[in-house]
S.K.: 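This is the structure I want to talk about, given as structure tokens.
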Amino acid sequence: MDAGPGKIVSQAVCFDQGQDVLTLLRAVAKKTETIDESQFDIPFGGLPLGPKDLPLRHSKRIRKWLDNSPDESVGVGAALFQAPNLPVAQWGRLLRQLARMRLAAHNAKFDLHMSAGGLRGCEDQPPEQGGGLDLSSSVASDTQLTQFVLDPQNSTGLKPTSVRLGLGKELGLNAGTEDAEQQALKPWKGPQTDPRFDLIPWPVIRVYAALDAALTLLLDEHQQGQLDDEAFQFELRHARREFALMKTLYSMERRGIGYNTVASLAQATKARELMEQVASQLPFKPTYPGAQKYFFGPTEDQDGKPTGNLGHLPYDDKITKPSKSHPQGQPQVDEETIERLAAEGVPHAQQFARFAELQSANSKWFQAWADMTGKDGRLRTNHKQASVVSGRLAVSRAQLQAIPQNYQIPDGLTPVRSLFTAKPGHQLWEVDVSQAEIRIATAVARCQPMLDQFNSGQDSHSAACWLMFRDEFERDGFPTVALASQKDEGHPKWHEYRQVSKRCNLGILYGAGAGTVRGEIAKFTGIDYPLKQVRQWVDDWRRAFPPFVRMLDAASRKATQDGWVRLTNGRVRWFSAYEPTHKAANQIIQGSQAETIKDCLVRVDREFPGTVLLCIHDSIVLELPASEAEAVARKVQDILIEEFERAFAKPWERGGPVVIVPFAADCKPWGEPE
DNA sequence: TCGCTATGCGCC
DNA sequence: AGGGCGCATAGCGA
């Protein structure tokens with residue numbers, strides 16, 4: 001159960017052939033240590049194991065709280081506060097016992113990590129001496145994932161779900177239980193920014209832990225009863241898919257990815273030096289609000305004294321959205337604003353941009369990821385499987401779905417991608433589906449014009465370019481798309497028009513209007529076309545692909561009328577009451593892609609165990625033995641193509657033949673450009 | 001000190 | 001009416 005941003009306490013319930021609860025496992029962890037540094041302090045009883053590792057702030061906080069609250073429950077806590085852990089050997093017995101059972105857990109992946117991690121400082125020991133044990137083959141079900149499949153519209157939290165289903169009444173569960181729990185635990189747990197579940201005395205948390213364990217068991221029984229019913233075959237199938245995916249993600253997270261902390265920290269140091277040089281020349285605090293004040297703030301204060309601000313007029317299109325604190329909206333200070341200021345020769349604009357990019361690179365990558373890397377030199381992320389509405393995977397902790405492309409790296413620093421390393425004798429490879437979303441859109445919309453282009457070997461953007469600008473190409477003597485795409489001999493405007501077409505493809509399928517498409521074109525080509533011209537192009541695009549237009553309309557109509565749309569594998573994307581439905585088509589595409597890549601991931605993990613490191617929406621990163629790296633990567637490439645083509649193959653008309661939209665995949669060593 | 005919001009920006 | 005995420009920072013108010 002997630003008990004706050006990245007802070008977790010969870011219980012696993014163990015049962016044996018339907019008998020009563022046998023054992024509780026209480027797992028505690030800190031955000032930064034959930035995975036690569038085990039963090040068990042198990043306050044099962046009052047047997048001392050030595051003092052806890054207590055940060056000063058917590059020590060102070062608890063001491064203060066104890067002094068001010070001399071009631072009985074606190075006395076119990078105070079007695080247990082010093083050293084409440086069980087002997088290490090008991091941890092080992094617990095793990096061995098769990099390994100022999102069938103386990104149900106709410107968010108099983110977390111419990112698996114805790115069990116496998118072992119006790120702090122004992123990671124390399126056998127369980128009897130505090131080491132971990134892999135319990136993944138003992139886990140039989142994950143009640144949170146199953147609930148996500150059974151009821152995607154509601155919270156999958158254990159207590160809200162139980163209350164909703166009327167479970168646990170005999171245990172005293174009611175709508176207020178969760179709040180009561182938060183109230184009771186808060187003084188011990190500390191602030192949300194640094195919660196310490198391991199500092200909560202067992203007598204304080206015991207009742208809640210026991211309740212969670214019992215609820216998990218009740219929920220599991222309830223769900224399994226439902227899934228036994230033939231009417232729930234669909235849900236059963238998808239619950240099994242998610243469960244299999246959970247185990248794959250668990251093994252990926254355990255593995256982590258090699259990261260060169262030494263080089264990363266060297267870059268961090270270099271970045272800080274560069275930042276200091278720049279900052280010393282800036283006449284304002286180098287923050288976004290500071291820059292806003294300097295560039296756009298009044299030049300004089302109320303008394304007519306000069307403020308040192310420049311008093312630049314805000315750009316009309318660069319005002320933040322009105323909010324409570326700023327009903328008029330504020331002058332926006334983003335990259336583009338700064339660029340414009342710099343172009344006007346406004347002093348310090350360029351320097352501030354430089355400072356901001358250096359600081360961002362350090363705090364997001366060079367410093368942050370080095371700090372997060374484990375003692376084994378591996379950097380680990382945490383997948384969230386049941387939180388994204390579209391069905392995509394999300395990752396937290398290290399945001400390894402947003403590893404910067406090389407061109408994003410500030411001048412003078414090393415690309416972050418080059419800091420990822422393979423273990424000895426291995427190589428990193430990435431395999432990705434090319435233009436997945438447009439191929440999916442082609443299948444979903446049954447778009448014959450785009451299909452024809454794919455079948456003749458065109459990529460989607462060249463295809464759109466050809467169809468949108470065909471008249472002009474033909475008039476100028478370029479009668480085929482193949483000729484027009486030749487770099488040297490092609491139509492002089494081919495590349496410009498292809499960019500325009502690409503932005504139309506992506507933008508319109510995402511639900512963008514002409515204004516946004518115009519901005520995108522400007523961003524990628526540097527040419528700011530008149531809105532009227534862009535509107536014309538959007539119309540050209542719509543004329544070239546009538547089935548896409550029909551699909552966009554049909555999807556949003558369905559989402560408006562029914563409140564949901566269906567993905568390619570039958571799963572449903574629900575729309576909440578106030579969610580705009582213009583994005584419905586995009587959600588079908590994005591969600592269907594996510595469902596398909598999940599199946600690929602599980603299959604690749606099964607066929608090539610131990611190799612998968614990351615999955616980034618349409619790509620899979622692998623760590624492969626050097627001797628056969630390319631061969632395996634090619635096989636994975638084939639798997640992606642096969643799975644995507646199969647997922648989207650269907651008859652395009654009633655009783656007609658099955659139409660297969662061709663998919664393509666790229667396969668290359670990690671870090672190599674296209 | 002802590003929780004919250006606003007802002008900006010990385011990825012697909 | 002461009003979709004889906006997560007993270008860092010700043011600033012404000014309790």
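Chain letters run A, B, ... following the sequence lines, proteins first, then strands; residues in each count from 1. The structure presented is a predicted model; accordingly, all values stated were derived computationally and were not measured.
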S.K.: Any idea which of dA10(C), dG4(C), dA8(C) is nearest the T287(A) side chain?
M.R.: dA10(C)
S.K.: Does the pair E335(A)/K523(A) count as a salt bridge with the N-to-O cut at 4.0 Å?
M.R.: no
S.K.: With heavy atoms under 4.0 Å as the rule, sort K293(A) into base, sugar-phosphate or nothing.
M.R.: nothing
S.K.: Give a yes/no on whether any side-chain N or O of T516(A) is located under 4.0 angstrom from OP1 or OP2 of dG2(C).
M.R.: yes
S.K.: Of the options dG3(C), dA8(C), dG6(C), whose atoms approach the side-chain atoms of S396(A) most closely?
M.R.: dG6(C)
S.K.: With no hydrogens and no angle check, do the side chains of T337(A) and Y315(A) hold a donor and an acceptor under 3.5 Å apart?
M.R.: no
S.K.: Minimum heavy-atom separation for V621(A) to E430(A), with atom names?
M.R.: CG2-CB, 4.2 Å
S.K.: Could I get the full list of ring pair (Phe, Tyr, Trp, His ring centres under 6.0 Å) partners for F548(A), not counting sequence neighbours?
M.R.: W541(A), F545(A)
S.K.: Which heavy-atom pair separates A402(A) from W365(A) by the least distance, and what is that distance?
M.R.: O-NE1, 4.1 Å
S.K.: R573(A) and Q590(A): side-chain hydrogen bond (donor to acceptor under 3.5 Å, both in side chains), yes or no, with the steps?
M.R.: CA-CA 10 Å; R573(A) 198 310 200 176; Q590(A) 192 184 101; over 6 Å; no
S.K.: For nucleotides 5-12 of chain B, just jot down a letter per nucleotide in 5' to 3' order: B, S or -, based on protein non-hydrogen atoms under 4.0 Å.
M.R.: -SSSSBSB
S.K.: Give a yes/no on whether any side-chain N or O of K583(A) is located under 4.0 angstrom from OP1 or OP2 of dA1(C).
M.R.: no
